[in-house]
Visitor: 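First the structure, then my questions, so here it is.
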Amino acid sequence: MSGERLRNFIGGEYTDAKDGRTLEVVDPSTGEAYAEAPVSGAEDVDAAFRAAAEAFPAWRDATPGERSLAMLRFADAVEARGRELVEAESRDTGKPVQLTMDEELPPMVDNLRFFAGASRVLEGKATGEYLADHTSSIRREPIGVCAQVTPWNYPMMMAVWKIGPALATGNTVVLKPSETTPVSTLMLAEIAAEHLPPGVFNVICGDRDTGRALVEHPTPQMVSITGSVRAGMEVAAAAAKDLKKVHLELGGKAPVVVFDDADVESAAQGIAEAGYFNAGQDCTAATRVLVADRLHDEFTEALAEAARGTVVGPPSNTDAFYGPVNSQAQLERVQGFIDRVPSHARVLAGGSRSGDTGYFFEPTVVGGLRQDDEIVQNEVFGPVITVQRFSDEAQAIEWANGVRYGLAASVWTQNHGRAMRMSKALDFGAVWVNTHIPFVSEMPHGGFKHSGYGKDMSMYGIEDYTRVKHVMHYIGA
């Protein structure tokens with residue numbers, strides 16, 4: 001272990017945690033610890049919220065133009081230090097360095113710039129007279145101090161998705177990254193402090209107990225979490241005791257519906273890329289494929305071939321499409337799903353750990369599955385794609401919707417009417433047609449059912465971080 005010792009970032013500066021407890025930060029590509037992160041307790045949580053509360057009035061009262069300029073400068077600085085941020089991210093997560101530079105850094109910067117612009121167009125309904133001798137207007141205001149918790153699969157990107165709309169609308173933030181991937185988020189806070197007032201964006205490290213303390217603290221008026229369904233339910237229950245507003249982006253089990261008029265090669269390649277990107281550790285990953293009878297055998301073989309051609313390797317491998325899963329526990333979780341595959345199913349590609357160093361898992365395809373199988377119903381969160389055979393459009397819709405999640409889905413067909421019918425019928429927050437997984441800052445991301453509620457990105461994301469106030473003036477003589 002290198003002995004690097006991380007610290008919280010509170011009130012614009014690095015701060016030691018009070019009681020000295022720490023957790024090891026492990027490089028998942030080697031399985032070796034390289035740093036220690038603080039496990040923040042109640043005193044640290046208090047200090048962070050105190051800093052955020054003190055910073056709130058001035059940040060709230062800054063003009064939209066002032067907030068926008070500060071965020072644009074922050075975005076420029078993130079872009080300028082992109083290589084440094086990505087290398088830290090890759091060490092924390094095992095992601096390929098160049099792929100992360102190309103695929104994650106640009107949308108992060110764009111998202112910050114989008115919300116910098118959005119801060120200048122916040123508005124309510126037009127002023128008007130809806131009662132004689134009275135004029136009404138709407139004020140859109142920040143909520144206050146926000147508590148945010150981010151996951152380990154996209155530490156930097158998820159931090160940006162959360163702080164972007166929060167800061168643009170005049171809120172201040174205390175954010176806790178995952179205990180396994182804190183480094184890049186701390187670096188973001190350090191960069192932000194060069195352009196934002198002290199206390200506007202604070203980061204504290206810690207474990208689940210730290211997260212609970214964050215949610216249960218009386219200061220924040222809103223709690224936002226990206227994480228598991230279990231974590232989301234716990235957060236919602238805890239926040240309900242104090243009637244805090246809650247934003248939840250939770251798990252997913254995205255159906256990928258391939259009809260018999262789809263182009264086999266392009267669909268198989270596109271679905272493999274969308275299923276294995278980030279080692280399948282993505283709530284929107286294309287991991288649950290439903291294929292029409294007539295195309296099933298040909299498509300399944302093409303998908304298995306695409307899996308076998310997918311390169312897995314450490315961050316420095318420029319040919320690698322994905323790196324390791326997050327931890328030993330996650331590796332065991334993924335392997336457990338494969339070990340429990342029922343006898344009527346077959347592993348068509350992969351199915352095992354890759355190598356004996358780090359937490360790498362082979363790109364995997366499992367066929368012959370039924371709708372009620374565990375691996376179909378539950379989120380694996382690893383590089384595993386399942387395949388089912390369907391007979392008609394009605395069955396495809398029934399099976400696609402027949403899970404507890406509702407985050408994302410895709411349809412692969414050349415039939416425009418079918419694509420429109422499916423996109424209407426699929427009970428998911430995002431539906432792609434002949435593609436899967438692209439995002440843009442202007443469009444919302446968020447799910448239904450056990451995938452949570454609220455939207456990230458877009459102007460819809462602004463709504464979660466603002467409150468609406470009605471002001472009425474008597475104007476009679």
Side-chain angles (χ1 to χ4, degrees), residues 6-10 15 17-26 36-53 92-93 143-163 166 171-186 188-189 201-251 281 283 326-327 329-330 381 450 452-454 456 464:
L6 306 177
R7 307 165 76 195
N8 292 329
F9 198 89
I10 298 174
T15 305
K18 298 300 182 184
D19 66 7
R21 290 182 300 142
T22 62
L23 284 171
E24 288 185 333
V25 181
V26 174
E36 288 185 343
V39 179
S40 300
E43 287 186 77
D44 307 303
V45 172
D46 277 340
F49 278 124
R50 188 162 54 249
D92 261 2
T93 64
I143 291 174
V145 177
C146 299
Q148 300 180 328
V149 180
T150 52
W152 45 255
N153 57 334
Y154 293 101
M156 282 199 301
M157 188 178 294
M158 295 299 98
V160 165
W161 281 18
K162 292 199 180 301
I163 65 175
N171 300 283
T172 56
V173 169
V174 176
L175 186 150
K176 189 194 88 67
S178 168
E179 58 265 39
T180 63
T181 55
V183 177
S184 60
T185 307
L186 288 167
L188 281 175
F201 176 31
N202 309 275
V203 174
I204 60 169
C205 301
D207 56 12
R208 288 183 179 179
D209 288 338
T210 309
R212 291 188 185 97
L214 206 73
V215 173
E216 294 172 358
H217 197 278
T219 295
Q221 297 299 299
M222 177 182 175
V223 177
S224 175
I225 177 176
T226 297
S228 68
V229 174
R230 173 203 55 77
M233 289 179 171
E234 289 183 5
V235 166
K241 296 175 183 177
D242 201 25
L243 293 180
K244 293 180 173 70
K245 190 172 185 180
V246 179
H247 175 284
L248 302 175
E249 200 273 86
L250 309 176
Q281 297 172 130
C283 296
N326 173 256
S327 62
Q330 190 64 19
F381 223 58
H450 279 207
Y453 42 80
D456 290 311
D464 280 346

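Excluded from the calculations below are hydrogen atoms, water molecules and symmetry mates; all remaining heavy atoms, backbone and side chain alike, are included.
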Visitor: So do Leu175 and Val149 actually touch side chain to side chain, heavy atoms under 4.5 Å?
Guide: no

Visitor: Does any non-hydrogen side-chain atom of Val25 lie less than 4.5 Å from one of Thr180?
Guide: no

Visitor: Can you give me the closest heavy-atom contact between Ile10 and Ala51, atom names plus distance?
Guide: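 For Ile10 versus Ala51, the nearest heavy atoms are CG2-CB, 3.9 Å.
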
Visitor: For the atom pair CD (Glu36) and SG (Cys205), what is the distance rounded to the nearest 0.5 Å?
Guide: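 Result: 12.0 Å between the selected atoms.
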
Visitor: Tell me the closest heavy-atom pair linking Phe9 and Phe201, and the distance in Å.
Guide: CD2-O, 4.3 Å

Visitor: Do you know the tightest heavy-atom contact between Thr210 and Gly206?
Guide: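 Looking at all heavy atoms of both residues, the closest pair is OG1-CA, 3.3 Å.
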
Visitor: Which heavy atom in Gln281 sits nearest to a heavy atom in Tyr154, and how many Å separate them?
Guide: O-CE1, 3.8 Å

Visitor: Once side chain to side chain contact (heavy atoms under 4.5 Å, CB included) is applied, do any residues pair with Leu250, and if so which ones, sequence neighbours excluded?
Guide: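 Once residues adjacent in sequence are excluded, the partners of Leu250 under the side chain to side chain contact (heavy atoms under 4.5 Å, CB included) criterion are Val229, Leu248.
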
Visitor: If we ignore hydrogens and angles and just use 3.5 Å, is the side chain of Asn202 paired with the main-chain N or O of Val173 as donor and acceptor?
Guide: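 Yes, because the side chain of Asn202 sits within donor-acceptor range (under 3.5 Å) of the backbone of Val173.
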
Visitor: Heavy-atom distance under 4.5 Å between the side chains of Pro182 and Leu6, does that happen here?
Guide: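 They are in side-chain contact.
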
Visitor: Mind checking whether Val246 and Tyr453 have side chains closer than 4.5 Å, heavy atoms only?
Guide: yes

Visitor: Taking side chain to side chain contact (heavy atoms under 4.5 Å, CB included) as the definition, give me every residue that meets it alongside Ala53, ordered by chain and number, with sequence neighbours left out.
Guide: Val145, Thr219

Visitor: With Arg212, which residues qualify under salt bridge (charged side-chain N to carboxylate O under 4.0 Å, His left out), at least two apart?
Guide: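 Scan of Arg212 (salt bridge (charged side-chain N to carboxylate O under 4.0 Å, His left out), adjacent residues dropped) gives Asp209, Glu234.
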
Visitor: Who passes salt bridge (charged side-chain N to carboxylate O under 4.0 Å, His left out) against Lys244, sequence neighbours left out?
Guide: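 Only Asp242 meet the salt bridge (charged side-chain N to carboxylate O under 4.0 Å, His left out) criterion with Lys244.
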
Visitor: Quick check for you: to the nearest 0.5 Å, what is the distance between Met158 atom CE and Ser184 atom OG?
Guide: 11.5 Å

Visitor: If the condition is side-chain hydrogen bond (donor to acceptor under 3.5 Å, both in side chains), which residues does Gln148 pass it with, not counting sequence neighbours?
Guide: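 Tyr465.
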
Visitor: For Lys176, what residues pass the salt bridge (charged side-chain N to carboxylate O under 4.0 Å, His left out) criterion, not counting sequence neighbours?
Guide: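 Salt bridge (charged side-chain N to carboxylate O under 4.0 Å, His left out) list for Lys176, sorted by chain: Glu179.
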
Visitor: Who are the side-chain hydrogen bond (donor to acceptor under 3.5 Å, both in side chains) partners of Asp92, not counting sequence neighbours?
Guide: Tyr34

Visitor: I'd like to know if the side chain of Lys245 reaches the main chain of Asp464, judged simply by a donor and an acceptor atom lying under 3.5 Å from each other, with no hydrogens or angles considered.
Guide: yes

Visitor: State which residues pass side-chain hydrogen bond (donor to acceptor under 3.5 Å, both in side chains) with Arg208; sequence neighbours excluded, sorted by chain then number.
Guide: none

Visitor: Between Asn171 and Ile143, what is the shortest heavy-atom contact and its length?
Guide: OD1-N, 2.7 Å

Visitor: Asn153 and Thr93: side-chain contact (heavy atoms from CB on, under 4.5 Å), yes or no, with the steps?
Guide: CA-CA 7 Å; Asn153 57 334; Thr93 64; over 6 Å; no

Visitor: Please confirm whether the backbone N or O of Phe381 pairs with a side-chain atom of Gln330, one donor and one acceptor, at under 3.5 Å?
Guide: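 Judged by distance alone, yes, a pair lies under 3.5 Å.
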
Visitor: For Ala231, give me all partners under side chain to side chain contact (heavy atoms under 4.5 Å, CB included), at least two apart in sequence or on another chain.
Guide: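 Counting only residues at least two positions away or on another chain, Ala231 forms a side chain to side chain contact (heavy atoms under 4.5 Å, CB included) with Ile225, Ser228.
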
Visitor: Using the test side chain to side chain contact (heavy atoms under 4.5 Å, CB included), find all partners of Ala17 that sit at least two apart in sequence or belong to another chain.
Guide: Asn8, Pro38, Asp44

Visitor: Do the side chain of Ser40 and the main chain of Ile204 share a donor and acceptor less than 3.5 angstrom apart?
Guide: no

Visitor: When you measure from the side chain of Ser178 to the backbone of Pro151, do you find a donor-acceptor pair of N or O atoms at a distance under 3.5 Å?
Guide: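 No, Ser178 side chain to Pro151 backbone: no donor-acceptor pair under 3.5 Å.
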
Visitor: Roughly how far, to the nearest 0.5 Å, is the CD atom of Glu249 from the NE2 atom of His247?
Guide: 7.5 Å

Visitor: Which pair of non-hydrogen atoms, one from Val203 and one from Leu186, has the smallest distance, and what is that distance?
Guide: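 The answer is CG1-CD2, 3.6 Å.
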
Visitor: Measuring only between side-chain heavy atoms, which start at C-beta, is Pro220 closer than 4.5 Å to Cys146?
Guide: no

Visitor: Can you name the side-chain hydrogen bond (donor to acceptor under 3.5 Å, both in side chains) partners of Thr226, sequence neighbours left out?
Guide: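 Once residues adjacent in sequence are excluded, the partners of Thr226 under the side-chain hydrogen bond (donor to acceptor under 3.5 Å, both in side chains) criterion are Lys162.
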
Visitor: What residues, two or more places apart in sequence or in another chain, satisfy ring-ring contact (aromatic ring centres under 6.0 Å, His included) together with Phe49?
Guide: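 Phe49: ring-ring contact (aromatic ring centres under 6.0 Å, His included) contacts with His217.
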
